[in-house]
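Just the heavy atoms: all of them, side chains too, but no hydrogens, waters or symmetry mates, feed the values below. Nothing here was measured: the structure is a model prediction, and the numbers come from that model. Order of appearance sets the numbers: ligands from 1, and atoms from 1 within every ligand.
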Amino acid sequence: MKLAHKNSLVPVFYADTHNLHQPLYEYDRGLQIPYQEIPRRIEAAKAALCALPFTKLINPSRRLTEAFCLNLHAAALIDYLKRSSIQAAKLQQEHPDQGEVYLTPWIYPLKPAMASGLRNSPEAMGCFAFDLYAPVGEHSWEAVFASANLAFTAADAVLRGETQIAYALCRPPGHHAGYDYTGGYCYLNNAAIAAESLLPLGAGAILDIDYHHGNGTQEIFWERADVLYVSIHADPRAEYPFYSGFAEERGGKAAFDKNLNLPLPMGSGDTVYLHALDKALAAIQNMEAQWLVLSAGYDTCHEDPTTTFTLTDAVYAEIGKRIAKLQIPVVIVHEGGYAVEANGRLAAQLLSGLFLN
Ligand code: OKP
Ligand code: ZN
């Protein structure tokens, strides 16, 4: 049976606002290196997706509200992001010679007793970030909210029955952002926002195919039986984020077995990967998911400079094809991928596999 979307164009949601968020550096075990999560990543994906004959680009107006974000995130996190952007703007003005100012946490409350004082201090950043990879500049909040708005509006198009497939070109990405913290280039959890929007259709699933475990998404839906979170990622014993993504993590009391982690050995390739994918898809089918949010990271590909998997291009089309067999609406949310131009090629492969099944 063919899906009804065949006659219509797949909407690709994009906002140029992401270009305003451009941290310059990150730290890799003490070495200062260029920030890997760069604007060109999403521009490459935009170009490649626009070039497909069955897509249309949508520049959505702002429809997401802060109130809606509170279903997924703490008010304190949103407050922190807004305040930090204002703080960065102020500092930028005071130091026009400094280049772009991006605030980073520099004191972390390792123990609960350290948190209460720090939280109320002017140096509270470490209370809202689990690592150094989510610095905040003057336009970061604007870019972060616009990125989340893409996930929201893409999901909303599906919810309204306008399409069966939508692609949200989110940047910054989202799957490491938890209930009340940022980290790993992520500030708000775009996939979680898309999933929450789709709930009127019934229970559903998030499939996370980024190379890294989506610790934030897992945390947000830990106690939620209406959203299955399934992730295929590199073994957290050896890979970021190190503290979550283990197979033993199966969900909270209220949602046991609504969390499925499929960690793979470092250096995994096509065969092993597709085998894990079939397990993931079986779990999604078993819970009778009515919709799917796909956290699509392309850092699993052989040419990614920051990771170890060796997936070939053909696998991304195959992932799309196998997902299409679920016969449920799919919202794709762009996550990682640091082989910059590959983001375009592989996003196009994935979407083609899904649409032209
Ligand atoms: C974000 B996403 C040091 C490595 C730090 C942070 C990984 C963030 C991944 N250079 N890496 O899941 O693609
Ligand atoms: Zn990743």
Side-chain angles (χ1 to χ4, degrees), residues 18 21 23-42 44-45 102 104-105 129-135 140 143-144 147-148 151 168-178 181-192 206-220 229-245 261-264 266-268 273 276 293-311 315-316 319 332-340 342-343 346-347 350:
H18 78 87
H21 171 74
L24 291 180
Y25 302 109
E26 65 180 52
Y27 292 89
D28 187 9
R29 279 175 246 119
L31 299 178
Q32 190 186 55
I33 63 169
Y35 198 69
Q36 302 291 298
E37 199 288 281
I38 58 172
R40 178 67 202 153
R41 296 178 52 252
I42 228 65
Y102 281 84
T104 49
F130 73 91
D131 65 19
L132 290 172
Y133 298 104
S140 294
V144 164
S147 180
L169 282 167
C170 295
R171 179 178 178 274
H175 72 151
H176 297 300
Y181 57 83
T182 65
Y185 312 140
C186 302
Y187 301 79
L188 291 179
N189 197 306
N190 306 313
I206 301 172
L207 173 58
D208 190 329
I209 58 169
D210 188 277
Y211 173 81
H212 305 93
H213 180 243
N215 58 290
T217 316
Q218 168 171 301
E219 181 196 70
I220 288 170
Y229 176 69
V230 187
S231 178
I232 307 169
H233 50 266
D235 186 351
R237 284 179 301 186
E239 187 54 277
Y240 182 95
F242 300 106
Y243 66 81
S244 82
N261 285 327
L262 300 167
L264 297 179
M266 301 289 272
S268 288
Y273 195 89
V293 170
L294 182 66
S295 263
Y298 303 96
D299 40 6
T300 44
C301 87
H302 63 99
E303 63 192 84
D304 194 288
T306 69
T307 62
T308 70
F309 287 3
T310 61
L311 301 197
V315 165
Y316 296 86
I319 294 170
I332 305 176
V333 174
H334 204 97
E335 300 281 1
Y338 309 98
V340 177
N343 273 279
L346 303 177
L350 179 74

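The side chain of I33, and not its backbone, has at least one atom closer than 4.0 Å to an atom of ligand 1 (non-hydrogen atoms only; side chain from C-beta on).
A search for ring-ring contact (aromatic ring centres under 6.0 Å, His included) contacts involving H175 returns nothing, not counting sequence neighbours. By the ring-ring contact (aromatic ring centres under 6.0 Å, His included) test, Y240 is found to be paired with H176, H212, residues two or more places apart in sequence or in another chain being considered.
The distance from the Zn ion (ligand 2) to the nearest N/O/S atom of D299 is under 2.8 Å. Taking 2.8 Å as the threshold, H175 does not count as a candidate ligand of the Zn ion (ligand 2), since none of its N, O or S atoms lies below it.
Ligand 1 places these atoms under 4.0 Å from at least one heavy atom of H175: 2 (B), 12 (O). With ligand atoms numbered from 1 in the order given, ligand 1 contributes 13 (O) to contacts under 4.0 Å with heavy atoms of D299. Each of the following atoms of ligand 1 lies closer than 4.0 Å to a heavy atom of Y338: 1 (C), 2 (B), 9 (C), 13 (O). The atoms of ligand 1 that sit less than 4.0 Å from any heavy atom of H176 are 1 (C), 2 (B), 9 (C), 12 (O).
By the 3.5 Å distance cut-off applied to N or O atoms, Y27 is not counted among the residues near ligand 1. Taking only nitrogen or oxygen atoms, main chain and side chain alike, H212 reaches within less than 3.5 Å of ligand 1.
Y133 places no side-chain N or O within donor-acceptor distance of the main-chain N or O of Y35, the cut-off being under 3.5 Å.
If you look at Y185 and Y338, their ring centroids are closer than 6.0 Å.
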